Amino acid sequence: MVFSLAAAWRLGLAIAFCVAIFMSACARAPRQSVPGAELRRLVYCALMLYLVGGLASLSHHQILAGVVYGCGIIVSALAAWLSRGRDQEDPPDDDDDPADEPPPPEPDGLPHLDWTAFERDFRAYVRRQRESTPR
C-alpha cells in the first residue's frame, strides 16, 4: 500500500493531535495550579483559533485553516492539562470522604426504616394531591 505525501502528512498530524489530547488527559498533572483567569484566556484563544480556521476554510485557504485548527487543538489540550494542576493546599485525593459514606447500620446490619410512618406520610401525600387536583 502506497501513501501519497499529502496523506502521510495528514496521518502524521492526526496521530500527533491524538497523542496531544491523550497526554492532556493522562499525563501527570502539573505540580502547581494555574489561575482560572489564565485558563479562560487559553480557552478563549483556542476558540478564536477555531474561528480563524473556520474563516480560512470559508475563504478556500485549506492549508492555513488546517494549521490554525491544529494550533487550536494544541492550545485546547494544553489548557486541559494545565487545568489539572494542584497546589499544596489542595486536599488529597482520598476516597474516604465522610459525606460519601452510607449511614451506620442497625445492630442487625440493616438500616432501620419505619414503614408505618412511611405509609402514613405517603397516604397523606396522596390525599393532598387528590384534593389539589382540579376535576
Side-chain angles (χ1 to χ4, degrees):
M1 179 185 243
V2 178
F3 285 109
S4 68
L5 185 59
W9 274 105
R10 289 180 186 151
L11 183 63
L13 281 174
I15 291 171
F17 294 147
C18 289
V19 167
I21 293 169
F22 180 77
M23 293 299 291
S24 72
C26 297
R28 175 180 245 177
R31 292 180 190 248
Q32 294 180 348
S33 65
V34 177
E38 292 183 19
L39 289 174
R40 280 190 294 277
R41 284 188 204 130
L42 276 174
V43 172
Y44 291 146
C45 288
L47 290 174
M48 294 314 267
L49 285 168
Y50 294 144
L51 180 67
V52 170
L55 293 174
S57 291
L58 291 175
S59 64
H60 305 290
H61 295 94
Q62 303 303 327
I63 295 175
L64 177 64
V67 169
V68 174
Y69 282 140
C71 291
I73 291 170
I74 298 297
V75 170
S76 297
L78 176 66
W81 180 70
L82 288 174
S83 70
R84 297 176 48 220
R86 298 182 48 194
D87 281 335
Q88 295 298 331
E89 295 87 36
D90 289 344
D93 289 337
D94 289 339
D95 293 333
D96 300 333
D97 188 14
D100 294 338
E101 294 178 10
E106 291 293 315
D108 61 354
L110 299 174
H112 177 67
L113 184 59
D114 187 5
W115 286 104
T116 55
F118 172 77
E119 289 177 5
R120 183 179 56 244
D121 293 341
F122 182 72
R123 285 188 184 112
Y125 169 77
V126 170
R127 241 182 278 121
R128 283 193 310 267
Q129 290 297 321
R130 286 183 183 165
E131 292 170 0
S132 65
T133 305
R135 292 184 187 200

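This is a predicted model, so every value here is computed, not measured.
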Criterion side chain to side chain contact (heavy atoms under 4.5 Å, CB included) on L51 and L47, from CA distance to verdict: CA-CA 6 Å; L51 180 67; L47 290 174; over 6 Å; no
Atom of [X], atom of [Y] and distance for their closest heavy-atom approach:
{"X": "W81", "Y": "P30", "answer": "O-CD, 3.4 Å"}
{"X": "Y50", "Y": "S76", "answer": "OH-OG, 3.1 Å"}
{"X": "R28", "Y": "R84", "answer": "C-NH2, 4.5 Å"}
{"X": "V43", "Y": "A79", "answer": "CG2-CB, 4.2 Å"}
{"X": "S83", "Y": "L39", "answer": "CA-CD1, 3.7 Å"}
{"X": "A20", "Y": "A77", "answer": "O-CB, 3.7 Å"}

Count I, L, V, M, F, W, Y as connected when their side-chain heavy atoms are under 4.5 Å apart, and connections chain through other members. Are [X] and [Y] then in the same cluster?
{"X": "Y69", "Y": "L64", "value": "no"}
{"X": "V68", "Y": "V75", "value": "yes"}
{"X": "V34", "Y": "L78", "value": "yes"}

From [X] atom [atom1] to [Y] atom [atom2], the distance as rounded to the nearest 0.5 Å:
{"X": "L49", "Y": "I74", "atom1": "CG", "atom2": "CD1", "answer": "11.0 Å"}
{"X": "I21", "Y": "C26", "atom1": "CD1", "atom2": "SG", "answer": "11.5 Å"}
{"X": "S4", "Y": "L11", "atom1": "OG", "atom2": "CG", "answer": "10.5 Å"}

Remaining members of hydrophobic cluster (4.5 Å side-chain criterion), L5: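 Answer for L5: W9.
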Ring geometry between F118 and F122 (parallel below 30°, tilted from 30 to 60°, perpendicular above 60°):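 Rings of F122 and F118: parallel, under 30°.
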